[in-house]
Every structure is written in C-alpha cells, then in structure tokens.
Chemist: 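Have a look at the structure that comes next, please.
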Protein chains: 2
Amino acid sequence: MSISSRFAVAIHILALLDINKEGRNTSEFIAGSVNTNPVVIRRVIGLLGKVGLVHTSPGVGGASLARPPREINLLEVYRAVQNDPPGELFAAHDKPNPKCLVGRNIQETLDTVFKRAESAMEKELAKVTLDQIVFDLVRADR
Amino acid sequence: MSISSRFAVAIHILALLDINKEGRNTSEFIAGSVNTNPVVIRRVIGLLGKVGLVHTSPGVGGASLARPPREINLLEVYRAVQNDPPGELFAAHDKPNPKCLVGRNIQETLDTVFKRAESAMEKELAKVTLDQIVFDLVRADR
DNA sequence: ATAATTGTAACTACAATGGTTACAGGTGAT
DNA sequence: ATCACCTGTAACCATTGTAGTTACAATTAT
C-alpha cells in the first residue's frame with residue numbers, strides 16, 4: 001500500500017500556514033483548501049504540533065508555523081505523520097522457519113537492504129524544505 | 001502503511017528456488033520455509049511468473065527461476081508484487097481546492113518531490129541482485 | 001488410473017484510513 | 001459575564017488492502 005495521504009495533507013497545511021500567515025488559519029478554512037473534513041485537519045495539525053512544527057492555541061485559535069519554513073524539511077513532516085516507526089517502510093514476513101537456511105537468515109539479510117532503500121528515500125525528503133515547496137507552489141501558479 | 005510483506009516473501013521464495021534448485025519446490029515445501037499457507041505462496045509465485053521471473057508448471061509442478069540469479073534485481077521483484085503502480089508510493093490527497101493558490105498547485109509540486117524520493121528508493125533496490133541476497137544469506141549462516 | 005500439485009475462487013478476520021457527528025472546554029470580543 | 005467561535009478528542013462508520021484458510025477443477029508424472 002502507498003504511504004498515507006496524511007503526508008501530502010500535512011505539507012499542504014504547512015504551505016498554507018506560511019502563505020497565509022497573516023490570516024486566521026482555522027481548521028475549517030484549511031479544510032476548505034485541502035477539501036476534506038475539519039476534523040481530519042485537526043488530527044494532522046495535532047501530529048505536527050506534537051513534534052513542534054506548528055503552534056496551535058485552543059479556543060479561538062488557528063495554527064501557525066513554529067519555525068521558519070526554511071528550517072522545516074519534509075523528512076520531519078514525514079516522520080511526524082507516519083504511523084510506522086522509522087525502519088519499517090518494508091514489512092518483513094514473520095517467523096520464517098529457523099530450520100531452513102533461508103528462513104533462518106532472510107530477515108537479517110533483508111533488513112540491511114530495506115534499511116538502505118528506506119534511507120535513500122528519506123534522504124531525498126530531507127533535502128527539501130518547506131521554503132522550496134512554497135517557492136515552487138507560487139512559481140507554478142504563474 | 002508499510003509496503004506489503006509480499007515483497008519479503010517473494011525474495012524469500014526466489015532465494016529458496018535458487019538454493020534448492022535441485023529439489024522439487026512445491027508451494028507446500030516453500031510454505032514450510034516461509035511459514036505460511038501454500039496458497040499465499042502460489043499467489044506470489046503467480047505474480048512472479050507473470051513478469052517472467054519464474055517458471056511454473058501446473059499439475060505436479062514446482063517452480064524454478066526463469067533467469068540466473070545474477071540477472072534478477074530486487075526492483076523487478078518489487079514491481080512484480082506491488083499493487084500500486086510505479087510513481088504512487090506516496091498517496092496524494094485528491095481534489096484540493098482549485099480556488100486556492102496552494103490547492104491549485106500542490107499536487108504538481110508534490111509530484112516532483114515524491115517521484116524523486118520514490119526513485120531514490122527504487123535505485124537502491126535495483127542495485128541488489130538475487131545473487132547477492134543468496135550470498136549474504138549463506139554467509140550469515142556461518 | 002492414481003496421487004500429487006497447481007491455479008483460482010470464495011470466504012474470513014483484521015488493521016489502517018479517511019470521513020463524519022458530537023461535545024466538552026478554552027478564548028477573545030463585546 | 002456572556003456569547004459566538006474554535007480546538008481537541010472520542011466514537012462510529014464505510015472502505016480498502018492484506019493474509020490466512022478451505023475447496024475444487026484442471027493438469028501432470030508415474
């Protein structure tokens with residue numbers, strides 16, 4: 001299965017928070033842009049808040065970036081909204097037969113390869129900052 | 001969510017086919033090593049056969065590698081067992097609001113980044129051949 | 001012929017996801 | 001102080017992908 005669209009939604013939210021930093025960013029407003037339910041937005045913002053990417057205030061609140069967009073990279077965002085812990089992008093099959101040469105060693109062998117592939121992907125995400133996303137976003141609109 | 005364990009199972013199967021190339025590799029035998037149900041094995045083998053990685057024969061059959069393990073890389077295997085088409089490792093959120101600057105351009109912008117990250121991962125997979133997996137497997141067992 | 005095995009369909013259980021309603025509690029404006 | 005507004009969260013639902021299981025027709029070697 002593919003990686004949850006929460007990631008895409010999270011980036012959308014952060015970009016919007018940056019672009020609309022003067023306005024009041026309620027979950028309903030953001031939901032209007034993302035085109036989903038406000039609760040979905042609040043859930044994602046909750047995750048982003050937990051890792052210190054955004055500030056939110058209960059009550060008549062709205063969210064805002066907790067850090068300059070130049071200092072936020074997509075890997076952080078990815079990690080924030082991802083359920084699976086790091087190193088588990090690829091699922092292993094459990095309990096292969098220890099009496100078999102393959103069963104006995106496959107997990108360790110795959111672990112190395114899987115970690116390498118996952119890291120390569122994450123490295124690309126780490127290269128991209130929110131700043132760049134917003135820049136591209138604005139440029140694409142011209 | 002993580003990538004289906006079908007991928008890990010597929011590699012397990014292929015490694016076993018190589019190591020046990022003299023024996024008769026029935027779905028039941030393989031299932032014993034993977035520790036799952038024979039039907040699960042047949043399903044995965046079916047996918048591998050469809051892309052020409054293994055040969056299977058109905059009836060009293062058993063499977064075998066269709067190519068030398070040196071010429072099989074993990075990206076092919078990944079593609080064979082993956083449901084999602086290439087380029088969709090990351091899910092986009094659908095129908096963002098076109099009236100919003102962000103909503104209007106987010107998909108195109110993310111697409112670039114997502115494809116880059118996905119490619120980086122696949123490149124790592126492409127680097128690894130079944131040959132190397134088997135080598136590591138045997139080495140780890142000493 | 002017979003026994004073994006594949007390929008597939010059908011069903012089940014389970015987990016993640018995203019959407020939705022509901023509501024208690026916080027906050028700012030007046 | 002009240003009030004309208006908003007957040008945070010729980011609860012529930014429908015959908016989907018996955019993996020395991022049983023069952024069986026079709027196929028093949030012996």
Side-chain angles (χ1 to χ4, degrees), chain A residues 1-10 12-13 17 23-32 34-51 54-64 66 78 81-85 88-97, chain B residues 1-10 12-13 17 23-51 54-64 66 78 80-85 88-97:
Chain A
M1 258 225 278
S2 45
I3 286 163
S4 159
S5 73
R6 270 197 307 271
F7 184 34
V9 171
H12 187 138
I13 293 172
L17 289 185
R24 200 157 51 101
N25 293 295
T26 68
S27 64
E28 192 172 354
F29 168 73
I30 300 173
V34 173
N35 190 28
T36 182
N37 192 289
V39 175
V40 173
I41 302 297
R42 281 180 234 150
R43 281 205 278 243
V44 174
I45 288 185
L47 293 171
L48 297 175
K50 214 178 287 182
V51 299
V54 300
H55 282 135
T56 65
S57 28
V60 179
S64 58
Y78 174 71
V81 299
Q82 193 66 6
N83 262 0
D84 307 315
E88 300 191 10
L89 175 61
F90 297 89
H93 56 306
D94 52 41
K95 309 197 212 343
N97 191 341
Chain B
M1 260 225 279
S2 44
I3 286 163
S4 159
S5 73
R6 269 197 308 272
F7 183 34
V9 171
H12 187 138
I13 293 172
L17 290 184
R24 199 156 54 99
N25 292 295
T26 68
S27 65
E28 193 171 352
F29 168 73
I30 300 174
S33 170
V34 173
N35 189 28
T36 182
N37 192 288
V39 175
V40 174
I41 301 298
R42 281 180 233 150
R43 280 204 281 243
V44 174
I45 288 185
L47 293 171
L48 296 175
K50 213 179 288 179
V51 298
V54 300
H55 283 136
T56 65
S57 30
V60 178
S64 58
Y78 174 73
V81 299
Q82 194 65 6
N83 262 359
D84 307 315
E88 298 191 10
L89 174 62
F90 296 89
H93 55 305
D94 51 41
K95 310 198 210 347
N97 191 342

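In what follows, every heavy atom counts, from backbone to side chain, and hydrogens, waters and symmetry copies are set aside. What you are looking at is a predicted structure, and each value in this text was computed from that prediction instead of being measured. So you know, we letter chains A, B, ... as the sequences are listed, proteins then strands, and number each from 1.
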Chemist: Roughly how many Å is it from CD1 in Ile41(B) to P in dT8(C), rounded to a whole number?
Modeler: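 Spelled out: CD1 on Ile41(B) to P on dT8(C) is 16 Å.
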
Chemist: Please report the distance, rounded to the nearest Å, between CD1 in Ile45(B) and P in dG7(C).
Modeler: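 Atom-to-atom, Ile45(B) to dG7(C), this comes out as 8 Å.
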
Chemist: Output a table of donor-acceptor pairs, distance under 3.5 Å, between side-chain atoms of residues 30-51 of chain B and any protein atom two or more places apart or on a different chain; print 'none' if there are none.
Modeler:
{"from": "Ser33(B)", "atom 1": "OG", "to": "His12(B)", "atom 2": "NE2", "distance (Å)": "2.7"}
{"from": "Asn35(B)", "atom 1": "ND2", "to": "Lys95(A)", "atom 2": "O", "distance (Å)": "2.7"}
{"from": "Asn37(B)", "atom 1": "OD1", "to": "Val39(B)", "atom 2": "N", "distance (Å)": "3.0"}
{"from": "Arg42(B)", "atom 1": "NE", "to": "Ser27(B)", "atom 2": "OG", "distance (Å)": "3.0"}

Chemist: For nucleotides 19-30 of chain C, just jot down a letter per nucleotide in 5' to 3' order: B, S or -, based on protein non-hydrogen atoms under 4.0 Å.
Modeler: BBBB---BB---

Chemist: Which sits closer to the 5' end of DNA chain C, Ala91(B) or Arg24(B), going by the nucleotide each is nearest to?
Modeler: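 Its nearest nucleotide being more 5', the pick is Arg24(B).
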
Chemist: Figure out the CG/P separation between Leu17(B) and dT6(C), and round it to whole Å.
Modeler: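 It is 11 Å, rounded to the nearest whole Å.
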
Chemist: Distance from Gln82(B) atom CD to Met1(A) atom CE, nearest 0.5 Å?
Modeler: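 Output value for this atom pair is 10.5 Å.
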
Chemist: Want to settle it: does Glu28(A) or Met1(A) sit nearer the 5' end of DNA chain D, counting the closest nucleotide to each?
Modeler: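 In this pair, the answer is Glu28(A).
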
Chemist: Let's go through Leu89(A) and Ile3(A) carefully: what are the C-alpha distance in whole Å and the side-chain angles of both, what is the deciding distance for side chain to side chain contact (heavy atoms under 4.5 Å, CB included) to 0.1 Å, and is it a yes or a no?
Modeler: CA-CA 9 Å; Leu89(A) 175 61; Ile3(A) 286 163; 4.0 Å; yes

Chemist: Take the C1' atoms of the five end pairs on each side of the helix from dA1(C)-dT30(D) to dT30(C)-dA1(D), derive the two axes, and give their angle rounded to 10 degrees.
Modeler: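 End axes: 20° apart.
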
Chemist: How would you give the extent of chain A contacts on DNA chain D, as first and last nucleotide 5' to 3' within a 4.0 Å heavy-atom cut-off?
Modeler: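 That gives a stretch of dC5(D) to dT18(D).
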
Chemist: Would you please confirm or rule out a distance under 4.0 Å between OP1 or OP2 of dT6(C) and any side-chain N or O of Ser27(B)?
Modeler: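 For dT6(C), OP1 or OP2 has a side-chain N or O of Ser27(B) closer than 4.0 Å.
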
Chemist: Report the residues that fulfil side chain to side chain contact (heavy atoms under 4.5 Å, CB included) with Ala91(B), sequence neighbours left out, ordered by chain and then residue number.
Modeler: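 By the side chain to side chain contact (heavy atoms under 4.5 Å, CB included) rule, Ala91(B) matches Ser2(A), Ser5(A).
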
Chemist: Separation of Ile3(A) atom CD1 from dG18(C) atom C1', in whole Å?
Modeler: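 It works out to 17 Å between those atoms.
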
Chemist: Any side-chain heavy-atom pair from Ile13(B) and Val54(B) closer than 4.5 angstrom?
Modeler: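 Answer no - side chains too far apart.
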
Chemist: Restricting to ring pair (Phe, Tyr, Trp, His ring centres under 6.0 Å), what partner residues turn up for Tyr78(B), sequence neighbours left out?
Modeler: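 For Tyr78(B) the ring pair (Phe, Tyr, Trp, His ring centres under 6.0 Å) partners, ignoring immediate neighbours, are Phe7(B).
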
